[in-house]
Amino acid sequence: MGKYSTYARRPPRPPRGVVHPVMRGIGCIMIVVIPILAYGLSVLVVEYAVRSGWPIPPEWLAPPNFPPLLLRLQGFSNLLSFFQTQPRLIAHLVFTVAISVVIGGLMAVIFGYIYQIFGPPRYGPTDAPPPKVKPKPYKR
């Protein structure tokens with residue numbers, strides 16, 4: 001032991017990079033809510049697109065077709081027959097994926113700004129400030 005050190009043990013520091021449980025809960029809820037919200041919006045967007053004459057491929061507006069081999073499987077026959085009765089299912093799924101990507105991107109940008117405002121400072125108390133050096137123009 002050194003001259004200026006103490007014998008008292010310090011409590012262990014919390015590990016870095018551990019996500020707060022509340023944030024994990026919010027992320028779990030968002031994994032469920034965003035696709036449901038995107039599917040609901042895609043139903044509205046596809047209906048509006050059909051009425052407005054947007055250029056959507058006609059294959060997307062028709063009910064999906066499955067190979068006859070899949071229809072003969074016992075477990076899948078009821079599920080696939082349900083999917084075949086759904087008009088515009090492919091268009092709904094394509095727009096669901098696109099809207100999910102847009103919502104996820106917007107959420108990332110919004111959370112980035114919120115973290116920048118309320119998060120920890122960029123430099124800590126032991127960090128040196130960034131150098132303020134102006135480079136000289138290059139001369140030959």
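- Under the 4.5 Å side-chain heavy-atom criterion for grouping Ile, Leu, Val, Met, Phe, Trp and Tyr, V101 is not connected to V94 through any hydrophobic cluster.
- Of all the heavy atoms in Q84 and P63, the pair that sits closest is O-CB, 3.2 Å.
- Between V43 and R88 there is no side-chain heavy-atom pair separated by less than 4.5 Å.
- The hydrophobic cluster containing L37 does not contain L44, counting ILVMFWY residues as joined when their side-chain heavy atoms lie under 4.5 angstrom apart, directly or transitively.
- Between P87 and T85, the shortest heavy-atom contact is CD-O, 3.2 Å.
- With sequence neighbours excluded, no residue forms a side-chain hydrogen bond (donor to acceptor under 3.5 Å, both in side chains) with Q86.
- Taking a 4.5 Å side-chain heavy-atom cut-off between Ile, Leu, Val, Met, Phe, Trp and Tyr, the cluster of I31 contains only that residue.
- A distance of 13.0 Å separates CZ of R72 from CG of L80, quoted to the nearest 0.5 Å.
- Residues F76 and F66 have side chains not in contact (no heavy-atom distance under 4.5 Å, counting atoms from C-beta outward).
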message: Checking W54 against V46 for the side-chain contact (heavy atoms from CB on, under 4.5 Å) test, could you report, in this order, the C-alpha distance in whole Å, the side-chain angles of both residues, the deciding distance, and whether it holds?
response: CA-CA 9 Å; W54 288 6; V46 169; over 6 Å; no
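- Remark: side-chain polar atoms of S52 are not paired, donor with acceptor, to backbone N or O of A49 under 3.5 angstrom.
- There is a path of hydrophobic side-chain contacts, each under 4.5 Å, that joins I117 to I110.
- Note on L93: it does not cluster hydrophobically with I36, by side-chain heavy-atom contacts below 4.5 Å among ILVMFWY residues.
- Under a hydrophobic-cluster definition in which Ile, Leu, Val, Met, Phe, Trp and Tyr are linked whenever side-chain heavy atoms come within less than 4.5 Å, directly or via other members, V33 and L106 are assigned to different clusters.
- Every residue was checked against the side-chain contact (heavy atoms from CB on, under 4.5 Å) condition with V97, not counting sequence neighbours, and none meets it.
- Take S100 and apply the side-chain hydrogen bond (donor to acceptor under 3.5 Å, both in side chains) test, not counting sequence neighbours, and it matches no residue.
- Contact record, P35 with T96: O-CG2, 4.1 Å, taken as the closest heavy-atom pair.
- To the nearest 0.5 Å, atom CD1 of residue I26 and atom CZ of residue F111 are 6.5 Å apart.
- With sequence neighbours left out, I99 forms a side-chain contact (heavy atoms from CB on, under 4.5 Å) with A38, L41, S42, V45, I103.
- Residues passing the side-chain contact (heavy atoms from CB on, under 4.5 Å) test with Y115 are P120, sequence neighbours excluded.
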